[in-house]
Amino acid sequence: PARELTQNPLHKTWEPYDNGLPAGHSAQRGVCMTNCPTLIVMVGLPARGKTYISKKLTRYLNWIGVPTKEFNVGQYRRALVKKYKSFEFFLPDNEEGLKIRKQCALAALNDVRQYLSEENGHVAVFDATNTTRERRETIYKFGEENGYKTFFVESVCVDPEVIAANIVQVKLGSPDYVDCSNDEATEDFMKRIECYKNSYETLDETFDKDLSYIKIMDVGRSYLVNRVMDHIQSRIVYYLMNIHVTPRSIYLCRHGESELNLKGRIGGDPGLSVRGKEFAKSLAQFINEQNIKDLKVWTSQMKRTIQTAEALGVPYEQWKVLNEIDAGVCEEMTYEEIQENYPLEFALRDQDKYRYRYPKGESYEDLVQRLEPVIMELERQENVLVICHQAVMRCLLAYFLDKPAEQLPYLKCPLHTVLKLTPVAYG
Amino acid sequence: AWASYMTNSPTLIVMIGLPARGKTYVSKKLTRYLNWIGVPTKVFNLGVYRREAVKSYKSYDFFRHDNKEAMEIRRRCALVALEDVKAYLLEECGQIAVRLFWAQQGLKLVLIQGRGVSSLKRASFSRPQVFFVESVCDDPEVIAANILEVKVSSPDYPERDRENVMDDFLKRIECYKVTYQPLDPDEYDKDLSFIKVINVGQRFLVNRVQDYIQSKIVYYLMNIHVQPRTIYLCRHGESEYNLVGKIGGDSGLSPRGKQFAQALKKFIEEQEIVDLKVWTSQLKRTIQTAESLGVTYEQWKILNEIDAGVCEEMTYAEIEAKYPEEFAMRDQEKYLYRYPGGESYQDLVQRLEPVIMELERQGNVLVISHQAVMRCLLAYFLDKSADELPYLRCPLHTILKLTPVAYGCKVETITLNVEAVNTHRDKPSLNSPPASQTPVRMRRNSFTPRASADTVKRPRHYSVGSKPLDLLGPLPSLE
């Protein structure tokens, strides 16, 4: 006979139970992203964007719910060698330097093992140059021994302008160069890159044909993708192929104050209040003053965001997936009414606001899944203004500011406030 | 359509590769996917044009690169095809034309002078984005399998036996190899946008992806595979609500529904499927059905039944009585119609896209879902249009077994002998709608309006829904 089902009071999913306790094991709640942990290994000369990619990828994977952590070997080195002197540390014949660098790599791998095998991490990003076959062999073997799938991400770039720009953006401010002038730092760093060039063995179509990897050429002009093994690798490749580094700004704001906002009611599809309409006009003025090139404007398919966009007098796109979180049976109620009519629900929501799903409605967790195509498209686009809703804006903001699930539902997104996000360095 | 406004200019996808490299397979599959997500797409197969021009195919000699007469015929066919592509993009408002080329002959034709789109410019229509998809294969086993699977039954070989076909076709390939110039990402073709698929998806080279639709195409091509496998689609067992004719909700299985779950278990065991994955929605009735199988299953919220908004948990009779206008509208335009506070079939397709993508990646899968959801999935696999989709037959207690074969999908219907109610509603014969009524697609915010009408206050939980836009009246002012 089939097992009985019980509905989890928090996230409203049906789970089988035995003897009054959730049975769990044969029903998974979500999509299985990966069966075993994944080790992503960055490859490339210095100033090729490896750390930029590591951090961004980690941020994205965590946001979509895949516990991910990055391990930057440079940081281990800085912890061990208190004071950086010069590029000479990286010379290929510097015995002392080589010993320390290998030690750091192993320490980082050890932490990777702890994270993936003991701390329930799903993905670890190993951020180092990893420019020799020997080093990559060592890491690949490490992955095999521990039952991890290894995926290499190589960044190849020969454009001197891009490299120079990278150095200015992130290297000059590095703790390594805190006591140097910009010119000294740049000169030293260029010599540091030279140290790696002679021994650099790029991922090769023939030699490395059995490895899983993506090779990114010239900051995304072209990609070589080899043997994608599973769902998570496929998502990673798709993400990496959609991001870019062209400077741009993303503006996030909510619709103007709505009639239901005035009454303290949640959800619904009301129009703007008088003050809301004023905000729409101020927004139009603000946008004009910003003089943004080729600005795209996105709204949800709810009246209040559309009315706000209308005031701008520019074309806008309506996305149903930008609609506010569905509060199910609690739609159009005040919080007092919810507490009175559904006291248990009210309490549960405060317990775990991220995973709590309204009866016949959604949770923040559902919202994140729903918003993923928006994030992907925001990555592809350049200047965008997104006019949305409180819960939606919190989710988008959490992605850009790398806020974890516990903090996400409490991020401050007041009405009549515009958040202007500009990518800079690693954030 | 939600995806179609993402592409501003039309796109011309050009397939490249030696024969038996899977070009037609990829063209048809890609076209099916793009049409399903709402991007009007059409395939123009030059082989078809050639067969029209040369009524009877004699042998591989036709394809020899020194056969001047044949070359002239093929060149003219390409020009005719080009005219048809132009017509489709301009007049039929198609967004994407997928064009099939033989090796390099066709390529030289379109890409004269600097590998640009100059010949298309001469055809004088607004310059489409050109995206090349090249299929390169050096594995002789894969090539032989392709030839057997699709070429043997091609109209070119009506009477011959297998061996001769293989032989002739291999010689045909040799003719092309002489002049084949693969895309060169390092030098000659470095400014073109393309994806090179190597050895049926083992490796990919992607160059200069320009826009959203090209990025989707690349992602799709990277997720499909050609390993044999079977997809089983079925609905949950009959539910308590099914018995009383209520739609939506989250009811459990009826006694007959539980019987079906048991029968399903037996059926699955008899099929002896290797590594079967089982997916359900997050609604109780599909999960209960899966529980009976006694195997691991994954719950997908996006497989939940279409949200009927204010009409949830009502019977069709109750809906007709309470919301007669809504009821009538739905029968007029079932694909685009969105329930107030709920969803449309079009919304459902958008919601289900990740499921389709993951189904493409997987092997053997059993999807236990719902009527509207199953219709959407089925329409994808069987290439059904938006008009047919909401009327596809997906009865309770019936399993559809889909097996990819050649260029399409074989369907086997298996009715497990457990009685159930019939939940299917055919499109009723319609009276013409009242003249004042605005077309359905303008009512549910599924397009970009220039203004919003005032909301009518309704006593319900959800609230997206409003009176029809009064296009002849004044726009509500923001003052």
Side-chain angles (χ1 to χ4, degrees), chain A residues 2-3 5 7 12-14 16 25-32 205 209 220-228 230-231 234 237-238 241-242 267-272 277 280-281 301-303 306-307 310-311 315-321 323 326-332 360 366 369 377 380, chain B residues 2 5-6 185 190 201-209 211-212 215 218-219 222-223 250 252 258 261-262 282-284 287-288 290-292 294-302 312 341 347 350 354 358 361 445-452 454-455 460-466 476 478-479:
Chain A
R3 294 180 297 185
L5 293 179
Q7 190 172 40
K12 310 298 189 294
T13 49
W14 292 97
H25 64 272
S26 99
Q28 282 164 245
R29 206 158 70 77
V31 181
C32 182
E205 273 183 50
K209 65 176 169 46
R221 176 187 57 80
S222 63
Y223 306 88
L224 186 71
V225 180
N226 200 56
R227 290 194 190 270
V228 168
D230 59 16
H231 179 101
S234 155
V237 164
Y238 185 48
M241 285 175 44
N242 280 316
D269 193 20
L272 296 179
K277 291 171 182 172
K281 280 194 273 190
Q301 282 192 353
M302 294 182 141
K303 188 175 180 182
I306 298 170
Q307 269 185 307
E310 276 289 318
Y316 54 90
E317 288 168 34
Q318 293 183 22
W319 295 62
K320 187 176 190 278
V321 294
N323 281 6
D326 185 352
V329 303
C330 301
E331 279 280 321
E332 297 189 52
K360 302 193 183 175
D366 295 329
Q369 180 175 22
E377 193 53 20
R380 289 191 47 79
Chain B
W2 68 274
Y5 62 64
M6 296 281 203
K190 64 177 169 35
Q202 196 184 88
R203 197 159 76 243
F204 300 89
L205 188 86
V206 180
N207 201 56
R208 291 195 190 276
V209 167
D211 59 17
Y212 172 76
S215 143
V218 164
Y219 186 46
M222 286 176 49
N223 280 315
D250 193 14
K258 290 177 180 166
Q262 291 299 323
Q282 282 189 356
L283 294 172
K284 188 174 184 186
I287 298 167
Q288 268 184 309
E291 273 288 315
S292 288
V295 297
T296 313
Y297 55 91
E298 288 169 33
Q299 297 183 16
W300 296 61
K301 186 174 192 275
I302 52 182
E312 279 280 318
D347 294 328
Q350 180 177 11
E358 191 56 18
R361 290 196 50 79
N445 279 351
S446 53
F447 76 117
T448 307
R450 295 306 294 164
S452 313
D454 279 334
T455 313
R460 48 181 164 74
H461 301 144
Y462 309 94
S463 38
V464 174
S466 47
L478 292 178
E479 250 60 89

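Here is the naming used below: chain letters follow the sequence lines, and residue numbers restart at 1 for every chain.
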Between A/Lys360 and B/Glu312, does the salt bridge (charged side-chain N to carboxylate O under 4.0 Å, His left out) criterion hold? Intermediate values first, please. CA-CA 10 Å; A/Lys360 302 193 183 175; B/Glu312 279 280 318; over 6 Å; no

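- Taking CG of B/Leu205 as the start and CD of A/Glu205 as the end, the distance is 7.5 Å to the nearest 0.5 Å.
- By the ring pair (Phe, Tyr, Trp, His ring centres under 6.0 Å) test, B/Tyr219 pairs with A/Tyr238, sequence neighbours left out.
- Distance check: B/Gln350 CD to A/Trp319 CH2 gives 8.0 Å after rounding to the nearest 0.5 Å.
- Two residues are said to be in side-chain contact when any heavy atoms from C-beta on lie closer than 4.5 Å; A/Leu5 and B/Glu291 meet this criterion.
- Of the atoms belonging to B/Ile302, it is side-chain heavy atoms, and not backbone ones, that fall under 4.5 Å from chain A.
- Atom-to-atom distance recorded for B/Asp250:CG and A/Trp14:CH2 is 5.5 Å, nearest 0.5 angstrom.
- Of the inter-residue distances, the one linking A/Arg380 atom CZ with B/Ser215 atom OG reads 4.5 Å to the nearest 0.5 angstrom.
- For the residue pair B/Pro185 and A/Arg221, the shortest heavy atom distance occurs at O-NH1, 4.4 Å.
- The part of A/Asn242 that comes within reach of chain B is its side chain, from C-beta onward, which places non-hydrogen atoms under 4.5 angstrom from that chain.
- Interface residue B/Arg361: only side-chain heavy atoms are found under 4.5 Å from chain A.
- Within the 4.5 Å cutoff, no side-chain heavy atoms of A/Ser222 are placed close to those of B/Arg208.
- The CD atom of B/Gln282 sits 7.0 Å away from the CG atom of A/Asp366 when rounded to the nearest 0.5 Å.
- Looking at A/Arg227, the atoms closer than 4.5 Å to chain B (heavy atoms on both sides) sit in the backbone and in the side chain alike.
- Note that the NZ atom of A/Lys12 and the NZ atom of B/Lys301 stand 12.0 Å from one another [nearest 0.5 Å].
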